[in-house]
Amino acid sequence: MMYGKLLILLAASHLVFALKENPSILIIGSGPSGIAAATRLWKHNFTNIKVLEAENRIGGRVHSVKFGDAYVDLGGEWCHGKKDNIVYNMVKEYNILRHTNVNIQMYYANGTLLGHDIYNNLIEFAESIDASVNNTEVEEACGNFASIGECFDKRFNSTFIKIYKNDSGKQTISLEAKEWLQNYMLGYDSPSTLYDLARRSSYKRCEGDLALNWNGRGYKTILEVMLQQYPDKNKELSVVNNILFNKEVTRIDWGNNTQVDVLCTDNTTYTADHVICTASLGVLKSSHGTLFEPGLPAEKVDAIRKIGFGAIMKIILHFPYTWWNTAQAYAFVWSAEDKEKVLTEFGKGPVKNGRSWLTTNVMFFTAENNPKVLISFFAGDMIPEIEQESDEVLIAGCMYMFRKFLGGTYKNISDPDDIIKSTWRTNPHFRGTYSFEHASHYEQGLPDKLAAPITGKNGNPTVMFAGEATHPYYFSTVHGAIESGYREADRLIHYYAPE
Ligand SMILES: Cc1cc2nc3c(=O)[nH]c(=O)nc-3n(C[C@H](O)[C@H](O)[C@H](O)COP(=O)(O)OP(=O)(O)OC[C@H]3O[C@@H](n4cnc5c(N)ncnc54)[C@H](O)[C@@H]3O)c2cc1C
Ligand SMILES: *[C@@H]1O[C@H](CO)[C@@H](O)[C@H](O)[C@H]1NC(C)=O
Ligand SMILES: *[C@@H]1O[C@H](CO)[C@@H](O)[C@H](O)[C@H]1NC(C)=O
Ligand SMILES: *[C@@H]1O[C@H](CO)[C@@H](O)[C@H](O)[C@H]1NC(C)=O
Ligand SMILES: *[C@@H]1O[C@H](CO)[C@@H](O)[C@H](O)[C@H]1NC(C)=O
Ligand SMILES: *[C@@H]1O[C@H](CO)[C@@H](O)[C@H](O)[C@H]1NC(C)=O
Ligand SMILES: *[C@@H]1O[C@H](CO)[C@@H](O)[C@H](O)[C@H]1NC(C)=O
Ligand SMILES: *[C@@H]1O[C@H](CO)[C@@H](O)[C@H](O)[C@H]1NC(C)=O
Ligand SMILES: *[C@@H]1O[C@H](CO)[C@@H](O)[C@H](O)[C@H]1NC(C)=O
């Protein structure tokens, strides 16, 4: 009875506190999760909001840049699926998204176009060990292994020796294409090797078209939709004026149970009732120890350590004219011989374990509505070094590949006249591209631990966490990031208006 009364009293005092008018809220980061949180709170009349952004632009890992005839994306590029995809649902009425024709053709190092069956068999193999496609199947195939890398090693040779047992030419080429397939799979999840990639996965694919593009408008369109700048610029939410740029947060002091103090590199300070931190997992990994005072709870530090965070890279080239077939994507299969030769024939740029950076390419494809622009992906453990490389070497490397693999097919290959590249891994405000489930520390529920808010004495959420890596099953995506931002906005909305 006594306890019952006490609880009622506590609940009542909690309510009094909770009814504070227009609490102050700081959102760290203006990527998709930060913009989602800010816009939802704003629409619920929380106007005492500031978004502190370290870069000089909004969007974070969504970064659409005008290049050539349209926008290209240095970060997030496709809306992955339709069903239960919040991005798809937000824009379907505007009819912007388009199906992406990814007609990948594989070329061999001697310039021959390879039969499509090789590509199909490679992709089928990749899907057979991708837990996000069919967990049961992967459980059966890879149950004895912790990592995709081990399972891959164990099954690849025997699979292709069997498939091409009557065709020794194709057997050799498919075995040589192993490295390409590894690059391809690394590109999906971004670890530096497949041995880091857990065999189990909680990731969920949204059903429907997995590669919807923005028809040349860039993924930034989703930020414009959330900020109500699109489709009608006059309806823009004025929370956009509360986004402050070049505000790199270096300290989040949450020791006082009611208020949080935030310090930026320019020595400005902010105090707020609530902080929503959306910095990437890469940023948390590298700086949580100094960023938070006091240090974060052990559970959260554990999650920060155990979830993987990797990097891929894009090199985007503009040409004076289109010399390739824009309806095609190009994948290059190195022969064992040419893998060796490249080290002497093209000695420039990073080399690791006897491998040239050129062999870490995944593919080249034409940018949407941008026929003079080729986008390429690179993946794997050389990304940090490739990001550091000069434009001249990157261009020379791509040209070396075009002439080797495509020189027989296209007689009029030109040098590019412009280049942009991503540097997500190098940039201290990201330190990589997206999170993945790490083989060495796989556990279910890690994103939830990362997402758990820090609460004060009254149960008030003081420091909250959003961002791609905090999503239990849509991590690594823009739709996951946006849902996580809404989740934390809703946490505050419900806190201040229970029921
Ligand atoms: C190359 C690449 C390709 C991708 N492709 C796809 C794709 O096709 N489809 C898809 O769905 N997803 C894709 N993604 C993933 C998607 O872009 C991300 O999951 C999503 O943008 C993450 O949003 P976020 O808000 O969690 O983090 P972010 O976008 O990283 O936003 C966090 C913000 O916090 C800021 N910040 C960091 N530290 C501080 C600090 N100390 N102080 C102040 N501000 C700080 C950062 O500058 C950043 O703006 C891709 C990502 C990359 C990089
Ligand atoms: C926000 O405030 C306006 C004006 O006072 C009110 O009409 C509206 O219902 C409020 N919105 C919410 C979600 O509380
Ligand atoms: C290239 O290699 C393939 C496979 O070994 C072979 O069939 C083809 O004839 C070669 N082409 C040239 C031009 O050497
Ligand atoms: C997944 O794989 C299992 C085992 O191979 C199979 O029985 C099941 O039908 C597959 N499920 C789907 C959705 O493809
Ligand atoms: C697979 O085949 C390649 C090329 O023939 C060979 O170098 C490699 O050692 C084989 N790997 C395994 C695990 O058998
Ligand atoms: C390989 O050749 C054998 C004997 O000629 C034939 O029975 C078999 O069906 C062939 N296998 C494939 C995969 O083509
Ligand atoms: C916490 O901050 C509030 C507001 O600045 C202040 O009134 C209070 O004294 C502080 N409490 C402690 C324990 O520092
Ligand atoms: C911030 O303050 C520190 C310590 O007072 C000082 O060393 C530094 O130069 C200041 N930085 C800026 C950008 O003013
Ligand atoms: C290559 O294409 C460009 C643009 O179409 C054209 O101007 C040029 O003459 C062509 N060169 C050759 C060698 O075909």
Side-chain angles (χ1 to χ4, degrees), residues 26-37 51-63 73-81 85-88 100 127-128 131 133-141 187-188 190 206 210-214 219-220 222-223 243-252 262-269 276-284 286-288 290-291 309-314 375 377-379 383 421-425 427-435 465-471 474-485:
L26 289 174
I27 297 169
I28 300 172
S30 69
S33 64
I35 296 297
V51 182
L52 303 177
E53 170 54 57
E55 295 273 315
N56 61 2
R57 60 172 181 86
I58 72 161
R61 281 170 274 169
V62 167
H63 190 194
D73 279 300
L74 285 165
E77 179 159 357
W78 297 287
C79 171
H80 298 313
N85 185 319
I86 195 163
V87 170
Y88 179 75
T100 308
E127 301 227 322
S128 77
V133 177
N134 184 335
N135 244 306
T136 322
E137 189 181 342
V138 177
E139 189 67 37
E140 283 167 13
Y188 269 90
S190 85
C206 296
L210 289 173
L212 291 160
N213 70 73
W214 294 87
Y219 215 139
K220 71 168 174 51
I222 201 66
L223 307 167
I243 305 172
L244 310 179
F245 295 121
N246 304 309
K247 290 286 181 188
E248 185 189 56
V249 172
T250 51
R251 198 109 176 132
I252 300 171
V262 167
L263 172 68
C264 298
T265 36
D266 63 1
N267 285 342
T268 50
T269 59
I276 302 177
C277 177
T278 75
S280 76
L281 178 61
V283 170
L284 292 178
S286 75
S287 58
H288 75 85
T290 53
L291 191 54
F309 197 72
I312 62 161
M313 182 181 175
K314 292 187 189 180
I375 302 177
F377 277 86
F378 290 77
I383 297 303
K421 63 173 182 182
S422 66
T423 52
W424 299 109
R425 169 58 206 260
N427 189 324
H429 304 143
F430 302 95
R431 298 198 184 270
T433 51
Y434 33 84
S435 64
F465 295 84
E468 148 293 284
T470 69
H471 199 289
Y474 291 152
F475 54 84
S476 83
T477 67
V478 175
H479 54 281
I482 290 174
E483 281 200 357
S484 77

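By convention here, the first residue in the shown sequence is residue 1. Keep in mind that this is a model prediction, so the values were computed, not measured. Start at 1 and go down the list; that is how both ligands and their atoms are numbered.
Remark: ligand 1 atoms within the under-4.0 Å shell around heavy atoms of G467 are 26 (O). Proximity to I28 (heavy-atom distance under 4.0 Å) selects the following atoms of ligand 1: 42 (N), 43 (C), 44 (N). Of all the atoms in ligand 1, the ones that sit under 4.0 Å from a non-hydrogen atom of G59 are 29 (O). Those atoms of ligand 1 with a heavy atom of L52 less than 4.0 angstrom away are 43 (C), 44 (N). Shown in contact with E55 at under 4.0 Å from a heavy atom are these atoms of ligand 1, numbered in order with element: 47 (O). Heavy-atom proximity to W424, at under 4.0 Å, picks out these atoms of ligand 1: 1 (C), 53 (C). Heavy-atom proximity to T477, at under 4.0 Å, picks out these atoms of ligand 1: 10 (C), 11 (O), 12 (N), 19 (O). Annotation for ligand 1: atoms under 4.0 Å from non-hydrogen atoms of F430 are 30 (O), 46 (C), 47 (O), 48 (C).
Taking distance alone, with nitrogen or oxygen atoms compared against 3.5 Å, E53 approaches ligand 1 more closely than that limit. Polar contact with ligand 8: absent for D266 (N/O pair, distance under 3.5 Å). At least one N or O atom of W78 sits closer than 3.5 Å to an N or O atom of ligand 1.
Protein residues lining ligand 4, listed by chain and number: N134, E137, E140 [non-hydrogen atoms, distance under 4.0 Å].
Side-chain atoms of T278 never come within 3.5 Å of backbone atoms of S33 as a donor-acceptor pair (strictly under, hydrogens ignored). Between the side chain of S422 and the main chain of W424, no donor-acceptor pair closer than 3.5 Å is present.
Residue I58 does not touch ligand 1, judged by heavy-atom distances below 4.0 Å. Within the 4.0 Å heavy-atom criterion, the part of K247 lying near ligand 1 is the backbone and not the side chain. Residue Y434 touches ligand 1 through its side chain alone, judged by heavy-atom distances below 4.0 Å.
Nearest non-hydrogen protein atom to atom 42 (N) of ligand 1 is V249 N, 2.9 Å. For atom 24 (P) of ligand 1, the nearest protein heavy atom (residue, atom name, distance) is S33 OG, 3.6 Å. Among all protein heavy atoms, the one lying closest to atom 29 (O) of ligand 1 is R61 N, 2.7 Å. Scanning the protein for heavy atoms near atom 16 (C) of ligand 1, the closest one is V478 CG2, 3.6 Å. Here the heavy atom of the protein found nearest to atom 14 (N) of ligand 1 is G76 CA, 3.7 Å. Distance from atom 34 (O) of ligand 1 to its nearest protein heavy atom, with residue and atom name: G29 CA, 3.2 Å. For atom 44 (N) of ligand 1, the nearest protein heavy atom (residue, atom name, distance) is A54 N, 3.1 Å.
Nearest-heavy-atom check against atom 15 (C) of ligand 1 across C277, S476, C264, G480 picks out S476. The heavy atom nearest to atom 2 (C) of ligand 1, out of those in S422, G31, G75, is found in G75.
Considering CD of E140 and CG of N134, their distance stands at 8.0 Å, rounded to 0.5 Å.
Under the 4.0 angstrom criterion for non-hydrogen atoms, L74 is in contact with ligand 1.
Taking the six-membered ring for Trp and thresholds of 30 and 60 degrees, F377 and W78 have nearly parallel ring planes, at less than 30 degrees apart.
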